[in-house]
There are 2 protein chains.
Amino acid sequence: MLNERQKKILWAVTQSHIDLNIPIGSLLLIKRYPLNLSSATIRNAMASLEQMGYITQPHTSAGRVPTEKGYRYYVNLLLEDHSLSISDSMSHELSLRLQGEEIDSNGVIKKAAKTLSLLSRNLAIAIPPKIEDMVLKHIKFIKYDSKKALSMLISDDGSVKNTFVELDKPYTQQELDKAAHYINSEFAGRQIKDVKEILSYQLFKDKQAYDRIIMNVLYLFKDSIIMDDDMLSLNSLSGTSYLPDLVDTKQVKDILRAIEDKQFMLKLLNQLSGSKGIKVVVGLESIIPAMSKMSMVAATYNDKKQSGGTIGIIGPTCMNYKKLIPIVEHTAKALTRILSEN
Amino acid sequence: MLNERQKKILWAVTQSHIDLNIPIGSLLLIKRYPLNLSSATIRNAMASLEQMGYITQPHTSAGRVPTEKGYRYYVNLLLEDHSLSISDSMSHELSLRLQGEEIDSNGVIKKAAKTLSLLSRNLAIAIPPKIEDMVLKHIKFIKYDSKKALSMLISDDGSVKNTFVELDKPYTQQELDKAAHYINSEFAGRQIKDVKEILSYQLFKDKQAYDRIIMNVLYLFKDSIIMDDDMLSLNSLSGTSYLPDLVDTKQVKDILRAIEDKQFMLKLLNQLSGSKGIKVVVGLESIIPAMSKMSMVAATYNDKKQSGGTIGIIGPTCMNYKKLIPIVEHTAKALTRILSEN
DNA sequence: AATAGCACTCATCAATAGAGAGTGCTAATT
DNA sequence: AATTAGCACTCTCTATTGATGAGTGCTATT
């Protein structure tokens with residue numbers, strides 16, 4: 001564990017490095033902070049901090065730079081400090097940008113991502129709630145041709161999803177209507193995942209109770225509703241132009257490539273799922289190799305029902321957490337508020 | 001006009017500059033091309049080419065670099081030469097990547113953009129056909145709440161568009177169905193723009209002929225069908241990671257910002273509209289300030305009906321036109337073929 | 001335990017010099 | 001009259017050098 005002095009110095013080094021983006025030496029530290037210690041003492045403390053892996057030297061005669069471990073320590077201290085807040089002007093601008101003509105929830109989420117990237121001047125990413133978590137308002141099947149029907153799923157946040165359902169044999173529009181009517185009357189107001197589950201169960205249990213034709217349609221529907229969700233992650237990515245200033249052209253491109261690659265983005269998503277509230281991941285390299293020296297600050301948001309998504313930013317590990325964590329937090333809260341009002 | 005020798009030298013300078021990406025001097029030119037001229041003669045020719053604005057010197061004692069004017073001349077020569085073609089392996093890879101499970105036309109177009117960016121190693125952009133040009137297959141109105149209906153427009157390429165229509169007063173689902181039925185029976189198989197036009201005209205002419213309620217719905221529909229098309233341009237952008245190698249980090253960011261800005265992209269689009277076949281725009285700076293030293297190669301594609309879009313690449317002005325023009329051309333052709341088959 | 005002092009290290013920057021590629025001009029050649 | 005050889009000149013690029021200064025670790029002192 002770190003003693004009080006080491007803690008103070010680690011904090012000071014990290015904060016200074018964030019502010020100045022240069023290696024921090026003992027003398028510089030004295031100038032910036034009233035530590036009441038001589039440079040030699042600080043050097044000793046730094047040496048032990050280095051041994052414990054919290055800071056490193058880029059080269060022999062340079063100051064110290066926090067390692068990922070150091071940053072994590074710093075961020076944890078920061079998160080414990082609940083006095084963090086954003087400026088009034090920020091808060092004002094945030095709500096100003098987010099309000100506007102009412103659009104569907106996907107549009108709102110996109111707008112939030114855009115706003116977040118603008119305010120934070122970093123790459124912003126927003127992950128919409130899983131379709132499975134959305135609440136069914138209304139469904140409709142429309143005959144497309146002899147082998148295909150079009151399903152249209154309206155969820156109660158106003159978003160609409162269309163999917164083609166491959167049919168095993170031709171159905172009449174009437175048969176399709178009947179199937180839709182069955183789903184609507186039984187399941188409107190429930191989450192998609194529940195609909196699927198109950199449907200599976202009932203189809204299994206009450207084999208005789210329903211019209212065979214309807215049953216077939218339902219079977220097909222049940223399987224056709226998922227596959228669409230891999231397009232989500234990329235949809236709400238904004239502010240690629242705010243990629244960190246420090247990285248060189250090659251890394252910028254590597255990062256862009258990673259961003260275009262859904263696989264990587266899904267990995268990021270996994271990293272975040274499950275947790276509630278604000279979450280900071282220092283050091284993304286283990287998740288996405290191209291993103292060395294990059295970190296992520298993300299927060300969860302919710303809509304009217306319990307379904308929720310994630311919104312956050314990706315930036316250099318030396319980003320200004322003190323400023324950015326509250327921004328992300330407030331954006332998520334604002335987003336939750338707007339989605340709940342609708 | 002340029003004489004034969006100047007033409008040859010301009011060509012050689014441009015080609016060399018594309019290959020080597022350095023200023024081209026007279027001696028270097030002799031090494032690479034059997035011009036059978038002394039360096040002094042070439043220098044004289046270069047001097048006059050410079051005076052005419054086809055090439056410049058980056059500094060006094062450097063070789064020559066083609067200006068935009070020079071590149072345009074080169075590209076025009078290239079376009080006249082109809083022997084341009086892509087390698088078999090390219091062609092093979094292209095068709096390999098483009099075929100796959102059948103998806104809606106928008107999906108195919110996106111895939112084409114992705115493939116094009118992969119093959120050309122440049123930023124690819126695809127502009128889908130305007131909604132207005134699409135052919136109506138079927139339309140449906142669904143009552144959403146007392147003030148809103150959801151219109152679902154299926155076009156015959158299999159793509160589906162949903163729009164909310166604000167209603168002036170509550171309508172029953174039956175009334176909405178009636179309106180939809182009217183449109184379907186009268187206008188299926190026609191382009192959206194025609195539907196809109198004829199609708200306007202008929203509503204004006206036959207005021208008495210129809211049910212007043214239906215008429216109102218149609219009025220509302222007619223106005224609600226456009227607004228959606230500004231989202232198109234951005235949808236099919238692929239390969240940001242292939243931004244030219246030469247530009248520095250700052251320019252990369254400026255370009256990314258420009259790409260995220262729909263306004264600029266629409267300007268690009270305008271630049272292309274109207275023309276058929278392959279089109280090369282050398283020098284994008286006048287259209288998008290951030291894109292200095294960038295150019296665009298684009299080609300039009302068509303789907304089954306006459307509605308068409310544009311697909312192309314954006315890259316450095318010193319890109320390899322000889323290789324890239326045929327790639328763009330073939331991709332557009334392949335895309336046309338696939339869209340026609342569906 | 002904390003600090004002052006000191007020798008040492010190494011990145012950074014500016015100045016300098018030499019090499020090399022290229023030019024335009026002039027005079028000789030075809 | 002057009003082409004070419006020769007030449008002086010220009011300017012970038014690269015490497016070298018040396019001074020500067022911020023920083024360190026170690027040791028002896030307080």
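Throughout, protein chains are lettered first and strands after them, A, B, ... in sequence-line order, and every chain is numbered starting at 1.
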Nearest-neighbour nucleotide for the Q57(A) side chain, dG22(C), dT24(D), dT3(C) considered
dT24(D)

Do E93(B) and L119(B) have side chains that approach each other closer than 4.5 Å (heavy atoms only, starting at C-beta)?
yes

Between P of dG23(D) and CZ of R32(A), the distance in whole Å
12 Å

Nearest-Å distance for atom pair CD1/P, residues I9(A) and dT24(D)
11 Å

Round to the nearest Å and state the distance from I24(A) atom CD1 to dT24(D) atom C1'.
15 Å

Could you tell me the separation between the CG atom of L27(A) and the P atom of dT20(D), rounded to a whole number of Å?
19 Å

Applying salt bridge (Lys or Arg N to Asp or Glu O under 4.0 Å) to R32(B) and not counting sequence neighbours gives D19(B)

With the side chain of R5(B) defined as its heavy atoms from C-beta on, choose the nearest nucleotide among dT3(D), dG22(C), dT4(D).
dT3(D)

Check E4(B) with K8(B), please: is the shortest side-chain N to carboxylate O separation under 4.0 Å?
no

Side chains of Q15(A) and Y33(A): donor-acceptor distance under 3.5 Å anywhere?
no

Rounded to the nearest angstrom, tell me the gap between atom CD1 in I30(B) and atom P in dT23(C).
10 Å

What is the distance from CG of N36(B) to C1' of dT30(C), rounded to the nearest Å?
16 Å

Between P of dA2(D) and CG of N44(B), the distance in whole Å:
11 Å

Closest heavy-atom pair, I278(B) versus I325(B), reported as atoms and distance to 0.1 Å, is CD1-O, 3.8 Å

Sugar-phosphate means primed atoms, P, OP1 and OP2; the rest is base. With that split, encode nucleotides 7-18 of chain D 5' to 3' as B, S or - using protein heavy atoms under 4.0 Å.
---BBS------

Side-chain donor-acceptor contact under 3.5 Å, S295(A) with T317(A)
yes

Establish, with yes or no, whether the OP1 or OP2 oxygen of dG23(D) is under 4.0 angstrom from a side-chain nitrogen or oxygen of R64(A).
no

Under 4.0 Å: is that the gap between some side-chain N or O of S26(A) and OP1 or OP2 of dT24(D)?
yes

By nearest-heavy-atom nucleotide on DNA chain D, the more 5' of T41(B) and A62(A) is T41(B)

Residues, nucleotides or ligands: over 12 heavy atoms within 6.0 Å of K69(B) NZ
yes

Can you check the Q6(B) CD to dT3(D) P distance for me, whole Å?
11 Å

